[in-house]
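Contents: one structure, followed by commentary.
In what follows, chains are A, B, ... by sequence order, proteins preceding strands, each numbered from 1. Only heavy atoms go into these numbers, but all of them, side chains included; no hydrogens, no water, no symmetry mates.
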Protein chains: 2
Amino acid sequence: MKTTTPYHHGDLRNALLQAGERLLRQDGPAELSLRKVAREAGVSHTAPYRHFRNKRALLSALAQAGFERLADATLEVENKYPDDPRRQLLEGGVAYVRLAVRYPETTQLMFGGVLEIREEDTELHEAGHRAFEGLLKIVSNGQREGLYRDRDTMELALAAWSLVHGLAMLVTAGQLKDTVTSNKEITRMVTSLGELLQNGMLK
Amino acid sequence: MKTTTPYHHGDLRNALLQAGERLLRQDGPAELSLRKVAREAGVSHTAPYRHFRNKRALLSALAQAGFERLADATLEVENKYPDDPRRQLLEGGVAYVRLAVRYPETTQLMFGGVLEIREEDTELHEAGHRAFEGLLKIVSNGQREGLYRDRDTMELALAAWSLVHGLAMLVTAGQLKDTVTSNKEITRMVTSLGELLQNGMLK
DNA sequence: ACCTGAACACCGTTCAAGT
DNA sequence: ACCTGAACACCGTTCAAGT
């Protein structure tokens, strides 16, 4: 059952993060308890305090991992379609929602208000910043090619981000269960909404 | 300090909801405790169970109030601009984000994953449904006038909802503190993003 | 009907102590 | 350095009891 892995070797921090991810998936962000995480990792309930100042710090590290996945995905998409900023934005959106659907509890942790994001969590903040900068780059790639109407980069980026983020949050909150169900349908929906934002809803 | 209001008269339920709203604003959705709510209302910590099956039921009622505010706002906007569905959609979006900014903790409770939305909470579900139907009506008003491109009503509505919802969630999560600050700026931003969705980002 | 106090199992955090 | 067990103040929920 419980292999006596030598956590004393310094990988307890990682073991705790892994256990945290597992419990986050299982119980959701509101139910996750530090004591359960410790139990799952096979240590006493005070051991985590050697590696995290408090429960908040553990949650913050889990959220950070989520932001890093987001930043990586953005970079990847940019590299995959080097001369097609329109495709970059569309595929970036798809990746964003896919990640949210794959890690709904982490998404809720990142954006849902369970964990208050503070300036002091520099690493968390930086990971988030990196993801946003990837998006800004993709938008300014498009601007350089004269793709978009004459607008502030920030505003164009925020439009794309809001659209995709809104869909992601609605899906993870289970608000769209009647409308959008399968994974395939979600991808189709992001693509379709992306097209609407690019060409407009009006006739 | 504590006026001996006769809660025995049947308004304890309301007093608890009020105390809940107050503590929700003060401490955020994650920190709200049933015992604190009871204390704030001046009753023993077991008294709430006379009116709510459990803590979840209280939170659900608070979220429901939020959905009702949303549904009301949507209806109001529709009546205010009876023959201008384009304006209805734009002002509806502004109202949506305004409500989110005004009640950030309630918004997080409604959509953030602290409270798992279940089918069984029929009243909560209905309030949410009513809000969404208001949006659908506004979109189909526009379709009747031939305003929009030929698309599924649901898809057009979801595009508008996602855009506005995403912005609202980003603002309430404090993710846009560097970019969008004042209340006035938020209104300007919604309007601007709404225009982008209507006419498209592309040249 | 409406409310209480004791009780239980849980939680986050601190601290003195052990290797 | 790294981990533990006892302790404290809190929590959600149940239950017998009081008016």
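Between A:S44 and D:dG5, a side-chain N or O to OP1/OP2 separation shorter than 4.0 Å is absent. Residue A:H51 places none of its side-chain N or O atoms closer than 4.0 Å to OP1 or OP2 of D:dC2. In this model, the phosphate group of C:dC11 is approached by a side-chain N or O of A:R39 to a distance below 4.0 Å at OP1 or OP2.
Other residues, nucleotides and ligands place no more than 12 heavy atoms under 6.0 Å from the CG atom of A:D150. Around the CZ atom of B:R102, the shell of radius 6.0 Å holds no more than 12 heavy atoms that belong to other residues, nucleotides or ligands.
When each of C:dA6, C:dC11, C:dG12 is scored by its nearest atom to the side-chain atoms of B:T46, the top-ranked nucleotide is C:dA6. Set against D:dT13, C:dT4, D:dC3, the side chain of B:N54 has D:dT13 as its closest nucleotide.
For B:R35 and D:dT13, a side-chain-to-base donor-acceptor distance below 3.5 Å is present, hydrogens and geometry of angles not being considered.
A salt bridge is absent between A:R53 and A:E120; no separation between the charged side-chain nitrogens and carboxylate oxygens falls under 4.0 Å. In this structure, B:R69 pairs ionically with B:E21, as a charged nitrogen and a carboxylate oxygen lie closer than 4.0 Å.
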Open item on the list: Output the pairing pattern of DNA chain C as a dot-bracket string, 5' first, Watson-Crick or G-U wobble with both distances under 3.5 Å, | for cross-strand pairs, [ ] for crossing pairs.
Closed with: ||.|||||...|||||.||
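Applying the salt bridge (charged side-chain N to carboxylate O under 4.0 Å, His left out) rule to pairs touching residues 122-136 of chain A yields A:E68-A:R130, sequence neighbours excluded.
Among the protein residues, A:S33 comes within range of the sugar-phosphate backbone only, with heavy atoms under 4.0 Å from sugar or phosphate atoms but none that close to a base.
Taking the ring pair (Phe, Tyr, Trp, His ring centres under 6.0 Å) definition, one finds that A:F132 meets it with A:W161, sequence neighbours left out.
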